[in-house]
Amino acid sequence: MADNETERPADFIREIITEDIAAKKYESRVHTRFPPEPNGYLHIGHAKSICLNFGIARDFRGLCNLRFDDTNPTKEEVEYVDSIKGDVRWLGFDWDDRLFYASDYFEKLYQHAVQLIEKGKAYVCDLTPEQMREYRGTLTEPGSNSPYRDRSAEENLDLFGRMRAGEFETGSRTLRAKIDMSSGNINMRDPVMYRILKAGHHRTGDTWCIYPMYDYAHCVSDSIEGITHSICTLEFEDHRPLYDWFLEELGIYHPRQIEFARLNLSNTVLSKRKLIQLVRDGHVAGWDDPRMPTIAGIRRRGYTPEAIRNFCDRIGVAKRDSTVDVALLEYCIREDLNKKAPRVMAVLRPLRVVIDNYPEDLIEELDAVNNPEDMSMGTRKVPFSRVIYIEQDDFREEPPKGFFRLAPGREVRLRYAYYITCVGVLRDDRTGEATELHCTYDPKTRGGDSPDGRKVKATLHWVSAEHSLEAEVRLYDHLMKEAGPGQQEADFRALLNPGSREVLRSCRVEPGLAGAAAGSRYQFERLGYFCVDPDSGPGRLVFNRTATLRDTWAKVQKSGKK
RNA sequence: UGGGGAGUCGUCCAAUGGCAGGACGGUAGACUCUGGAUCUGCUUAUAGGGGUUCGAAUCCUCUCUCCCCAGCCA
């Protein structure tokens, strides 16, 4: 795309970069960065940013750094940097030897701050947080100058040095940029550059007790790394004048900041605060709960990196606030797994079926296709016998209109096996529910084809009772009930979908699934895509439902009920 | 009522003065040993008013709506 001059770049950012290259800015280099703060797990919204930054580097034959924005030791932990590195790699991106930390630059940042003090562009301020808020003014009223604003460079240098030396208490003083307390842009009202924080840092230990703020650290870090295009989300648009101010006053290399709209997803929460709340309050089983929109959760759910990348390509990049329908994400994983996932038969809610005219001791090994979308994936043998299980949903004693499956007197096909006809139903005396079916089979339909060419309207999946394996299957649905959980509602937990997780413990699966490795993905025919959960072990199979198959019958039923 | 952004099908993204297009969703059908997949058809949009122009989603203008900003968070 970037190589094809006749085609328009895919989004407005690539368009800007294309123009910059043409104008020979930054020697026509392209160098981006993905700058997470290690204070939480990455989620699908970060994936958009990762795909954008690393994708641009790939498209323009440039580079993309991974840089941890670790300027707040009170919130950041190594656990998070490890998970973030793993997640970026899993998504398929590589930063080679360009793994950086803002904390790598603490000394340089300090020296640049000294430079600004000497230039009369920064000062040490003794205002308390409360006072500073008062002096800042409001959205409609200008602020007023701090009484400490006109300290001499000498005094500021002395004070700043002593801040670093640990002479003052946490929070007692700050270093501020001297800009304009009456600016309409509140970020320009003498923003704090450094605060005193007597806290150990996950990388620098107790070397420092003053830490730089984002606005100051970020632009200088970008500058040090020779970043050309510093891509961030819309809420930083107001900060761009400050980004530019620092680099201008410092007279150092000056990248260009570009903002785009962050991802919102329907039926999903993506705010870090809410995600933490879900984990802490036990609404989910952890950061990697398969219902979580975290990369870790999505991975455990069975999504592939290809599907995520494809999703990020399809949603596009723009400046307009938007909410992507989660159906698109689901489409992407189905599309990918449809091509890749081996098919297998599994019965989630078993109904016992005895085939009366099938020989007691006979066991046949029937051929089944592993993936009709990809014949190179071959075939396998599936055992068939007199007693099998089918899905409870596949039988109705009184079939409604449009129900094609098994019913008394009706003939259906068992996939890859035989045509069977239901001749009897055993019921639970109390509930009246069918507990066992009796059927007859037509020996001439072996393999699933009828020599006389008669048609059946349904093909059912099944497993042999004796040969099948027991499995636990966890069915997942959207975590949030409503399409777009509003940002502002007092308690978003009221919108949690109570049916987001259902655990089925007596499922039966094909014997071939014995010992399936954690993470392996399958299509359970007619049901959906499932993957082996790490909770599996020897003799214990646990599956997560990644996504259902499109289900026309479910849709008919649903619309019929209304 | 300060400053910064944004308004195009239900949703997301295109169209850069010249036939408003694609994807997802929805819907109807074809096909099918998965009610899957695939294929085909249909569906619906330029926030509003005024102006410039042969021609406006695009340029000008007024209005409306929505989002972000008052952390010693990022």
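The basis for the numbers below is simple: all heavy atoms, side chains too, and nothing from hydrogens, waters or symmetry mates. Chain letters run A, B, ... following the sequence lines, proteins first and then strands; every chain starts at 1.
Under a 3.5 Å cut-off, the side chain of R195(A) and the backbone N or O of P212(A) do form a donor-acceptor pair.
Going from the C1' atom of rC19(B) to that of rA15(B) covers 12 Å, rounded to whole Å. rG22(B) and rC9(B) are spaced 16 Å apart, taking the P atom of each and rounding to whole Å. If you take atom P in rU11(B) and the same atom in rG50(B), they sit 26 Å apart, rounded to whole Å. Nucleotides rG17(B) and rA74(B), compared at atom C1', are 42 Å apart to the nearest Å. Straight-line distance between the C1' atoms of rG48(B) and rG71(B): roughly 39 Å, to the nearest whole Å. The gap from the C1' atom of rU46(B) to that of rC39(B) amounts to 32 Å, rounded to the nearest Å. Between the C1' atoms of rU44(B) and rG21(B), the separation comes to 14 Å (whole Å). A distance of about 22 Å separates the P atoms of rG26(B) and rC31(B), rounded to the whole Å.
The side chain of T71(A) contributes an N or O atom lying less than 4.0 Å from OP1 or OP2 of rA74(B). Contact annotation: R67(A) side-chain N/O to rA74(B) OP1/OP2 distance is not under 4.0 Å.
Residues A327(A) and R240(A) both approach RNA chain B. Their nearest nucleotides, taken by heavy-atom distance, put R240(A) toward the 5′ side. Mapping I186(A) and R195(A) onto RNA chain B by nearest heavy atom places I186(A) at the nucleotide closer to the 5' end.
Between rA74(B), rG5(B), rC73(B), one nucleotide has an atom nearer to the side chain of E237(A) than all others, and that is rG5(B). Between rG4(B), rA74(B), rU1(B), one nucleotide has an atom nearer to the side chain of D69(A) than all others, and that is rA74(B). Comparing atom distances between the D238(A) side chain and each of rG71(B), rG26(B), rC69(B) picks out rC69(B) as nearest.
For an aromatic pair to be called close, the ring centres must be under 6.0 Å apart, and F384(A) with Y418(A) satisfies this. F543(A) and F524(A) have their aromatic ring centers within a separation under 6.0 angstrom. Y419(A) has its ring centre no less than 6.0 Å from the ring centre of Y441(A).
Distance R189(A) CZ to rC69(B) P: 15 Å, rounded to the nearest Å. At whole-Å resolution of the value, CD in E259(A) and C1' in rC67(B) are 14 Å apart. In this structure, CD of Q257(A) is placed 13 Å from C1' of rG5(B), rounded to the nearest angstrom. Note: CG (L265(A)) to P (rC24(B)) measures 17 Å, nearest angstrom. What separates CG of L242(A) from P of rA70(B) is a distance of 13 Å, to the nearest Å. Rounded to an integer number of Å, the gap from CZ of R273(A) to P of rC73(B) is 18 Å. For E235(A) and rA70(B), the CD to C1' distance is 16 Å, given to the nearest whole Å. If you take CD of Q131(A) and C1' of rC72(B), they are 13 Å apart, rounded to a whole angstrom.
Applying the 90° criterion around 0 to the glycosidic angle, rG7(B) comes out anti.
Base engagement by T128(A) is indicated by at least one non-hydrogen atom pair under 4.0 Å involving a base atom. Here L127(A) lies in heavy-atom contact (under 4.0 Å) with a base. Residue contacts shown for F236(A) include a base, since a base heavy atom lies under 4.0 Å away. Among the atoms of the strands shown, none is found under 4.0 Å from any heavy atom of K272(A). Residue N39(A) is classed as having no contact, given no heavy-atom separation below 4.0 Å to the nucleic acid. In this structure, Y416(A) reaches the bases: a heavy-atom distance under 4.0 Å links it to at least one base atom across the strands shown. Nucleic acid contact for M213(A): sugar-phosphate only, since backbone atoms but no base atoms lie under 4.0 Å from a heavy atom of the residue. At a threshold of 4.0 angstrom between heavy atoms, the contacts of H239(A) include nucleobase atoms, whether or not backbone atoms are also involved.
When Watson-Crick and G-U wobble pairs are counted only if both distances are under 3.5 Å, rG18(B) pairs with rC54(B). Nucleotide rA6(B) forms a pair with rU65(B), judged by Watson-Crick or G-U wobble geometry with both contacts under 3.5 Å. Base pairing analysis places rU11(B) opposite rA23(B); the two distances defining the Watson-Crick or G-U wobble pair are each below 3.5 Å. Base pairing analysis places rA28(B) opposite rU40(B); the two distances defining the Watson-Crick or G-U wobble pair are each below 3.5 Å.
Between F236(A) and Y214(A), the ring-plane angle classifies as tilted under the 30° and 60° cut-offs. Between F68(A) and Y101(A), the ring-plane angle classifies as parallel under the 30° and 60° cut-offs. Using cut-offs of 30° and 60° for the angle between ring planes, the Y110(A) and W208(A) rings count as tilted. Between H43(A) and H46(A), the angle of the ring planes lies from 30° to 60°, which puts this pair in the tilted group.
Screening L549(A), D336(A), I333(A) against Y529(A) for a side-chain contact (heavy atoms from CB on, under 4.5 Å) leaves a single residue, L549(A).
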message = Treating primed atoms plus P, OP1 and OP2 as sugar-phosphate and everything else as base, which nucleotides of nucleotides 11-17 of chain B get B, S or - for protein heavy atoms under 4.0 Å?
response = SSSSSB-
request  = Any chance you could list the contact pattern along nucleotides 34-46 of chain B? Use B for base contacts, S for sugar-phosphate-only contacts and - for none, protein heavy atoms under 4.0 Å, 5' to 3'.
outcome  = BBBS---------
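Side-chain contact between V473(A) and F530(A) is present, with heavy atoms from C-beta onward closer than 4.5 Å.
The cationic atom of R396(A) (NZ for Lys, CZ for Arg) lies less than 6.0 Å from the six-membered ring centre of F403(A) and within 45° of the ring axis. Under a cutoff of 6.0 Å and an axis angle of 45°, R173(A) and F168(A) form a cation-pi pair.
In this structure, a donor-acceptor pair under 3.5 Å is absent between the side chains of S230(A) and R256(A).
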